[in-house]
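Written below as structure tokens is the structure these notes are about.
Below, each value reflects all heavy atoms present in this structure, side chains not excepted, and no hydrogens, waters or symmetry copies. Remember, it's 1-based here, ligands and their atoms both numbered in the order they're listed.
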Amino acid sequence: MSKEQPLEKDWWKKSVVYQIYPQSFKDTTGSGKGDLNGIIEKLPYLADLGIDVIWLNPIYQSPLVDNGYDIADYYQINPDYGTMDDFKRLLEEAHRLGIKIIMDLVVNHTSDQHEWFKQSCQSRDNEYADFYIWKDPKEDGSAPTNWGSTFGGPAWEYVESRGQYYLHLFAKEQPDLNWENPNVRQAIYEMMKFWFELGIDGFRMDVISLISKRQDWPDAPEDAVYTKSYYVGASNGPRVHEFLHEMNREVLSKYNIMTVGETANTNSDQAILYTDPAREELNMVFHFDHMHLDYGPFGKFSDIRFKMSDLRDVLTEWQNKLENRGWNSLYWSNHDQPRAVTRFGNDTKYRVESAKMLGTLLHMMKGTPYVYQGEELGMRNVRFTSFDQYRDIETLGVKKEFEEKGLPESYIKESIFLKSRDNARTPMPWNGDEQSGFGFTTGTPWIDFSPDHAEINVESCLADQNSVFYHYKELIRLRKMFPVVVDGKYELINPTDSDVYGYTRTLGKQKLVVICSFAEYKVNYKLPAPLKNQSGKLLLSNYQDTKKELGDLELRPYEAVIYLIDES
Ligand code: GLC
């Protein structure tokens with residue numbers, strides 16, 4: 001697309017991205033796994049929603065130890081999902097509908113089945129010997145550092161044939177690439193060019209803040225509990241900006257594409273370094289600050305509920321910090337996070353209202369919004385009845401770790417229910433008919449369906465004008481209609497209210513007033529002084545009979561309203 005049509009620069013600032021987890025989107029072969037032809041079939045649904053870009057989770061050749069984040073061949077499509085021809089057709093069809101496609105770039109590590117790694121294991125002096133991070137054992141034979149890996153166990157694995165350890169920040173089947181080696185970087189840049197020449201529109205860059213490791217290999221402090229212990233030597237490392245700038249110069253700058261880096265352990269000051277256009281690195285990053293608000297003594301897997309005031313502080317900080325110096329990505333959920341409505345809303349009595357409220361709060365902010373598949377239906381977490389139903393490597397690892405720690409079974413169950421990545425990975429329900437595999441598969445799904453699909457599915461949402469789907473569609477339409485949604489300056493209007501999050505966006509003579517209640521009861525909301533005597537018109541609300549004119553409000557549970565003040 002970038003080659004055929006002259007594209008506006010920074011088109012991604014006006015875009016809404018929809019994330020597809022291919023394995024769980026739509027199966028056309030009866031294999032129980034989603035595929036590329038399934039995505040093609042559902043493009044009109046996405047066009048109807050109004051999204052501009054699809055982000056595809058990895059679809060490359062992979063043994064799927066970490067569901068595709070372990071790539072064995074960057075140039076091949078995983079046959080489970082289809083062929084290269086299917087992919088080309090997907091690109092073509094999407095582009096025809098005005099939808100761009102970005103892919104996942106997983107280059108912190110490969111699969112241990114990648115040819116490079118197989119060769120690298122053979123000896124210390126072949127072409128690929130330094131493609132990965134190999135270190136000699138310490139004098140006592142132990143691993144070079146005390147780092148733990150993300151999915152449990154140490155981050156180093158010993159290989160007899162070399163008499164050395166290799167580093168893997170994730171599973172042992174995901175060895176880390178050695179970015180210090182210029183040949184590794186060139187091989188990655190070549191591969192990126194291959195996909196750009198094919199016509200893709202950008203990359204989401206997996207754990208990109210981890211690619212540069214400190215070369216003095218420090219041990220982590222013994223009490224590194226909240227953080228992954230390897231962060232000490234691997235996150236925002238000494239050469240990360242140099243590498244990304246080089247990648248930008250050699251590849252990214254040659255195409256009119258978008259980039260979003262996944263940057264764990266990165267604060268808003270560091271994010272500016274990645275996204276300030278003057279530095280020529282990335283367009284935007286995914287930070288985790290709002291994802292950390294319900295972390296507990298053992299990190300992510302906890303039974304703690306976030307506090308609205310913390311959420312407001314975090315989102316406001318990011319809106320303010322990046323104003324004019326970078327660009328925000330806006331997300332509630334993705335394939336690594338539980339469902340937003342369960343985590344930040346109320347997924348029973350006010351499921352529809354709170355799902356719409358969350359969408360409103362996020363989509364009216366400054367940045368590029370991401371919708372994770374099923375979020376537009378208000379899908380919620382899945383309470384699997386048996387642990388055997390979980391598939392994810394992280395969840396299986398956490399269960400083992402918590403059992404070894406002797407944590408109570410009830411805590412283990414609840415924290416997994418609240419945080420397992422499988423909550424986001426159950427199949428998309430295209431209709432409510434269990435006999436037809438809810439329109440997802442004619443075979444046996446690779447992971448169980450959520451039990452509530454008779455109620456929550458695409459068909460029922462499309463048939464109901466008041467569904468979450470139509471609210472999202474309207475939010476996306478507003479972004480396209482009003483430049484203030486894209487470019488307006490953000491200002492928080494009620495920094496201390498314990499129930500209500502309100503902010504404005506201002507561009508020239510237009511101002512949006514966005515007011516969102518997180519309360520499950522009625523709240524009398526008084527407009528702050530500067531807005532008191534202004535006249536504004538209602539643009540959207542998640543209740544039917546909200547006042548049409550801006551003024552004080554009696555907000556109902558999870559009510560969300562958007563008014564426009566227009567003095568032009
Ligand atoms: C990222 C991905 C996650 C994967 C990990 C390792 O965090 O989003 O799904 O497990 O990186 O590649």
Item to complete: Among residues two or more places apart or on two chains, list those pairs meeting salt bridge (charged side-chain N to carboxylate O under 4.0 Å, His left out) that have a residue in residues 211-221.
Response: Lys138-Asp219, Asp176-Lys213, Arg214-Asp216
Item to complete: Would you please name every residue forming a salt bridge (charged side-chain N to carboxylate O under 4.0 Å, His left out) with Asp289, sequence neighbours left out?
Response: none
Discussion item. Checking Phe286 now: which residues fulfil ring-ring contact (aromatic ring centres under 6.0 Å, His included) with it, not counting sequence neighbours?
Written reply: Trp55, Tyr331, Tyr370
Tabulation required: pairs of a nitrogen or oxygen in ligand 1 and a protein nitrogen or oxygen under 3.5 Å; columns are atom names and distance to 0.1 Å; otherwise 'none'.
unit_1, atom_1, unit_2, atom_2, d
ligand 1, 7 (O), Glu262, OE1, 3.2
ligand 1, 7 (O), Glu262, OE2, 2.9
ligand 1, 7 (O), Asp336, OD2, 3.4
ligand 1, 8 (O), Arg204, NH2, 3.0
ligand 1, 8 (O), His335, NE2, 2.8
ligand 1, 8 (O), Asp336, OD2, 2.4
ligand 1, 9 (O), His335, NE2, 3.0
ligand 1, 9 (O), Asp336, OD1, 2.7
ligand 1, 9 (O), Asp336, OD2, 3.4
ligand 1, 9 (O), Arg421, NH1, 3.3
ligand 1, 10 (O), Asp66, OD1, 3.3
ligand 1, 10 (O), Asp66, OD2, 2.5
ligand 1, 10 (O), Arg421, NH1, 3.0
ligand 1, 11 (O), Asp206, OD1, 2.9
ligand 1, 11 (O), Asp206, OD2, 3.2
ligand 1, 12 (O), His109, NE2, 2.9
ligand 1, 12 (O), Asp206, OD2, 2.7

Worksheet entry | Side-chain donor or acceptor of Ser329 paired with backbone N/O of Val285 under 3.5 Å | yes
Practice prompt. Indicate the atoms forming the closest heavy-atom contact of Phe306 with Asp294, along with that distance.
Written response: N-CB, 3.9 Å
Discussion item. When you compare the side chains of Ser235 and Asn265, does any donor N or O come within less than 3.5 Å of an acceptor on the partner?
Written reply: yes
